[in-house]
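This chain uses plain numbering: 1 for the first residue, then up along the sequence.
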Amino acid sequence: MERYLNLMLIRFGVIAGGLVVLALVVFAVAVVLKRRGRLDQARRYADPALRAALRAATRRLENGPARPRQRDGRR
């Protein structure tokens, strides 16, 4: 049981560390874009993609869990 808990703790640490690194990279990119004066341009490019992702997530949440797929990939 102790070995299992250690593995779970290590997994949590790796996931949390990865999220922290990802957040730092996004922050660094935002700072660089702001210093170069291109943050507004990046926002204009990212806005349609973000809106589409939010619409897809909303649609997925409203429809509930997806039906399982058959072996040949059909529903």
Side-chain angles (χ1 to χ4, degrees):
M1 184 67 166
E2 183 180 349
R3 178 178 278 170
Y4 175 74
L5 291 175
N6 285 337
L7 289 174
M8 294 300 290
L9 184 61
I10 290 170
R11 187 180 90 173
F12 173 75
V14 168
I15 292 171
L19 289 175
V20 167
V21 168
L22 180 65
L24 288 173
V25 167
V26 169
F27 179 73
V29 168
V31 167
V32 168
L33 287 173
K34 184 157 179 72
R35 285 187 179 178
R36 292 186 181 176
R38 296 183 183 240
L39 187 60
D40 291 332
Q41 184 181 6
R43 281 184 182 159
R44 276 185 276 146
Y45 283 128
D47 189 43
L50 181 62
R51 289 179 191 263
L54 288 174
R55 277 195 306 268
T58 303
R59 203 171 28 244
R60 175 174 274 189
L61 288 173
E62 287 175 351
N63 291 341
R67 294 181 297 170
R69 293 184 181 265
Q70 296 175 358
R71 286 184 176 216
D72 58 0
R74 293 183 298 159
R75 289 185 175 236

Val31 vs Arg35 side-chain heavy atoms within contact, under 4.5 Å: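 Of all side-chain heavy-atom pairs linking Arg35 with Val31, at least one is under 4.5 Å.
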Once you round to the nearest 0.5 Å, how far does [atom1] of [X] lie from [atom2] of [Y]?
X	Y	atom1	atom2	result
Leu5	Glu2	CG	CD	8.0 Å
Leu50	Arg55	CG	CZ	10.0 Å
Asn63	Thr58	CG	OG1	10.5 Å

Nearest heavy-atom pair of Ala30 and Leu39: which atoms, and what distance?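 Closest approach of Ala30 to Leu39: O-CD1, 4.2 Å.
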Would you please test Arg51 and Asp47 for salt bridge (charged side-chain N to carboxylate O under 4.0 Å, His left out) and show each step? CA-CA 6 Å; Arg51 289 179 191 263; Asp47 189 43; 3.1 Å; yes
Pair Arg44 + Asp40: basic N to acidic O under 4.0 Å: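 Salt bridge: no.
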